[in-house]
2 protein chains.
Amino acid sequence: MTKRQRANSAPTIHDVAAAAGVSRATAARALGGYGPVSDDARARVMSAADRLGYRPNRLARSMITGTTHTLGVVIADIQLAFFAQAVRGISDAARAQEFEVILANTDEDRAKELAAVDVLIDKRVDGLIVAPADSAQTAHLAEAQRRGIPVVLIDRGAPGLRCDVVAVDNQRAARNAVNHLIRLGHRRIAIVTEASTALSAAEIGRAHLPPAGQMTSVLRQAGWAAALRGAGLPVTDELIRTARYDRDDARAATAAAIAGADRPTAILTTDETMTLGALEAILEAGLDIPGDISLVGFDDSPWTTVVRPPLTVIAQPVYELGAMAARRLLARVAGDDSPPGPVFLDTSFILRGSTGRAPEG
Amino acid sequence: MTKRQRANSAPTIHDVAAAAGVSRATAARALGGYGPVSDDARARVMSAADRLGYRPNRLARSMITGTTHTLGVVIADIQLAFFAQAVRGISDAARAQEFEVILANTDEDRAKELAAVDVLIDKRVDGLIVAPADSAQTAHLAEAQRRGIPVVLIDRGAPGLRCDVVAVDNQRAARNAVNHLIRLGHRRIAIVTEASTALSAAEIGRAHLPPAGQMTSVLRQAGWAAALRGAGLPVTDELIRTARYDRDDARAATAAAIAGADRPTAILTTDETMTLGALEAILEAGLDIPGDISLVGFDDSPWTTVVRPPLTVIAQPVYELGAMAARRLLARVAGDDSPPGPVFLDTSFILRGSTGRAPEG
DNA sequence: GTGAAAGCGCTAACAC
DNA sequence: GTGTTAGCGCTTTCAC
């Protein structure tokens, strides 16, 4: 079988060229929209192309140009509302420049992250957006950069890596929220946070955390501690309630916190999952919000206004975080080599019904 | 510059072969794990490979093998919990067989869907999972199939397309839920659904809908109507409350429904967004749930147990829907050519506090 | 403006 | 078991 007899396989530029009676180079120029082509040739090529149902093979093109018009996105879990929104922002910004998105979930597991990054490099993505599972171990990301693949971090930074980071100032946001509680007269303000990143009262006292160099929950905890210290209030281990990253464990941790003798009068939760668990525990205990206890947490989920009372929350511009990360990455892909650094988007403190004056006594 | 002097570009199989002192073919065989290679040669190749930091170029491989180990996933919006969960299921099932996932959002817009499918075909994905925006217009999907790309539909079917569909039986699920309300004595049971797909009372009376051939909301509406008719209850336009697909509009539609003289004693909502709006309206109206009005809706969102009362819901196995779709698609990619058809996964009716006996009168 | 020819990095016959 | 050779479908010099 000679080369031109592949009757029923997809038409290539070769077939189009033959049908149009021009050379492959001319057909390619017309189809690809580069280089000089006469109007006549272009017209013949175009009509041949759609008569044959020609579609360019982007793999072949990528082999030569070295660019795939594809971004790799490596996050913890697309099922978490935070990442779903961020990915939508990324996807829209990418799409606006004709880039596609390959998604990988890590479940905050470094091994999965390594594997994902490797595959994405092998697939020759043009850039990588990563929410790194471990801020301290980023050799694989440095390696990607070394191979010419720009990396933008989202949600959390990595001190050891020279790259762009798009995040919010978690310490500041938490500090603001806790300051608000303090102004309402609260003195015992607990935090319900992830065990895997939580620090003890002693540790959080010493810690000096860069604003984008850690997992968000530690930063939020640090902000909480800073606010307490700033008001001269004690930061004790009893106020630090940790749970596996799981709603039910957050419920149990909160239940334990409010069962004690010296019940906190307010609780800060570090994200939606923790908030859900904490709220459940408070409801089950039959406590009045905010009469007996105030509740404020990160993330303005849609449901926070249909619970009673509606929740006071710290909202992040999640979609924008994603869109911004993608835009920065795309700029890098396009050759921008200005010095990389963090970009902080503003959070907003949304005052609703779950925070109120501290109960007497 | 001769061919071997590309000092600082990524090492290719050629470089590895040279370093190991074997031919490219041998190096390729060792690296790719195919064909016969002596232990000695393999060892030398492997050590040369990781000394040089060799990584295979999957684009080049795909050019030859014709497979990219990539699935295209075309959905409405990753920000909707339903799709986020489904995509996680898809991603995990794909990953289990070393496939990656490219994501595209359509916002139920056919033009965006067409564009996405085109790009994915051009990128030579091995298969496509699609939640089609329009069940009636699927020429682009048939075209993908014609080009040898298997297609699996998720969440909704398309009567005109011969392919696998993974969904739930929405009519049946809705009918069951409404039957439950009927057994509780309800006679005026309204539905809050999307305007874009809703049928009038007259239309829904005549409609004969295939179980997987439509958008889910019509099917749910049909199930609702079937239950009413089955109990000899009237299906009137007054009971059909439509809204843009948007929580706030659902709130307004519900507010109008419960403001009238002949207030429904129960409401069925067709998904999380509608439920959120409906619940908000009921709370704002100060009605007691379920004393004044019962509420049941599709989708068992995490927050449905922290509102008071907790919501009775129809739960779909969303993650499994995704995983199943991916597994079927992967089977097709692997050559399975058994007759395609729909697969229905079971929903579950979760009885909680938002449904109760119909009020007297 | 157009064509011939080389080659991206890899796999797959086919000899030996 | 190993090497040689011919492509995959495209872009890109470089002549003409």
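What you see below is based on every heavy atom in this structure, not just the backbone, and it leaves out hydrogens, waters and symmetry mates. Sequence lines set the chain letters: A, B, ... in the order given, protein chains first and strands last, and positions in each chain run from 1.
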Starting from [atom2] on [N], measure out to [atom1] on [X] and report it in whole angstrom.
X: Leu52(A); N: dG9(D); atom1: CG; atom2: C1'; value: 15 Å
X: Lys123(B); N: dG9(D); atom1: NZ; atom2: P; value: 18 Å
X: Arg124(B); N: dG9(D); atom1: CZ; atom2: P; value: 8 Å
X: Arg44(A); N: dG1(C); atom1: CZ; atom2: P; value: 15 Å

Practice prompt. Determine, for nucleotides 11-16 of chain D in 5'-to-3' order, which nucleotides have protein heavy atoms under 4.0 Å from the base (write B), from only the sugar-phosphate (write S), or from neither (write -).
Written response: BB----

Quick test of your reading: applying ring pair (Phe, Tyr, Trp, His ring centres under 6.0 Å), list the pairs with at least one residue in [range], sequence neighbours left out, ordered by first then second residue.
range: residues 118-140 of chain B; result: none
range: residues 25-66 of chain A; result: none
range: residues 105-131 of chain B; result: none

Practice prompt. Please identify each residue that fulfils side chain to side chain contact (heavy atoms under 4.5 Å, CB included) with Ser38(B), with sequence neighbours left out.
Written response: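 Ser38(B): side chain to side chain contact (heavy atoms under 4.5 Å, CB included) contacts with Asp40(B), Ala41(B).
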
Discussion item. Nearest to the Val22(A) side chain among dT2(D), dG1(C), dG3(C), which nucleotide is it?
Written reply: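 Shortest atom-to-atom distance from the side chain points to dG3(C).
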
Practice prompt. Specify the residue among Ser38(A) and Asn57(B) whose closest nucleotide of DNA chain C lies further upstream toward the 5′ end.
Written response: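 The residue whose closest nucleotide sits nearer the 5' end is Ser38(A).
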
Worksheet item: With Phe99(B), which residues qualify under ring-ring contact (aromatic ring centres under 6.0 Å, His included), at least two apart?
Response: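 Result, ring-ring contact (aromatic ring centres under 6.0 Å, His included) vs Phe99(B): His69(B).
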
Discussion item. With a 4.0 Å limit, can you tell me whether Ser23(A) has a side-chain N or O closer than that to the phosphate oxygens OP1/OP2 of dG3(C)?
Written reply: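 Yes, because at least one side-chain N or O of Ser23(A) sits under 4.0 Å from OP1 or OP2 of dG3(C).
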
Worksheet item: Can you list the residues that meet the salt bridge (charged side-chain N to carboxylate O under 4.0 Å, His left out) rule with Glu143(A), with sequence neighbours excluded?
Response: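 By the salt bridge (charged side-chain N to carboxylate O under 4.0 Å, His left out) rule, Glu143(A) matches Arg146(A), Arg147(A).
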
Practice prompt. List for me each residue that meets salt bridge (charged side-chain N to carboxylate O under 4.0 Å, His left out) alongside Arg61(B), sequence neighbours excluded, and say none if there are none.
Written response: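 Salt bridge (charged side-chain N to carboxylate O under 4.0 Å, His left out) check on Arg61(B) returns nothing, list empty.
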
Worksheet item: Quick one: on DNA chain D, does Met63(B) or Asp39(B) contact a more 5' nucleotide (nearest heavy atom)?
Response: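 Result of the comparison: Asp39(B).
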
Item to complete: Would you mind telling me which residue lines up with the more 5' stretch of DNA chain D, Leu59(A) or Arg42(B), judged by nearest nucleotide?
Response: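 In this pair, the answer is Arg42(B).
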
Worksheet item: Could you give the angle between the helix axes at the two ends of the helix from dG1(C)-dC16(D) to dC16(C)-dG1(D), with five pairs per end, rounded to 10 degrees?
Response: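 What I find for the helix from dG1(C)-dC16(D) to dC16(C)-dG1(D) is an axis angle of 40°.
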
Worksheet item: Do Lys112(B) and Asn105(B) come within less than 4.5 Å of each other through their side chains, counting heavy atoms only?
Response: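 Counting from C-beta outward, Lys112(B) and Asn105(B) never come under 4.5 Å.
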
Item to complete: Apply the test side chain to side chain contact (heavy atoms under 4.5 Å, CB included) to residues Thr106(B) and Val74(B): give CA-CA distance (whole Å), side-chain angles for both, the deciding distance (0.1 Å), then the verdict.
Response: CA-CA 7 Å; Thr106(B) 66; Val74(B) 182; 3.4 Å; yes

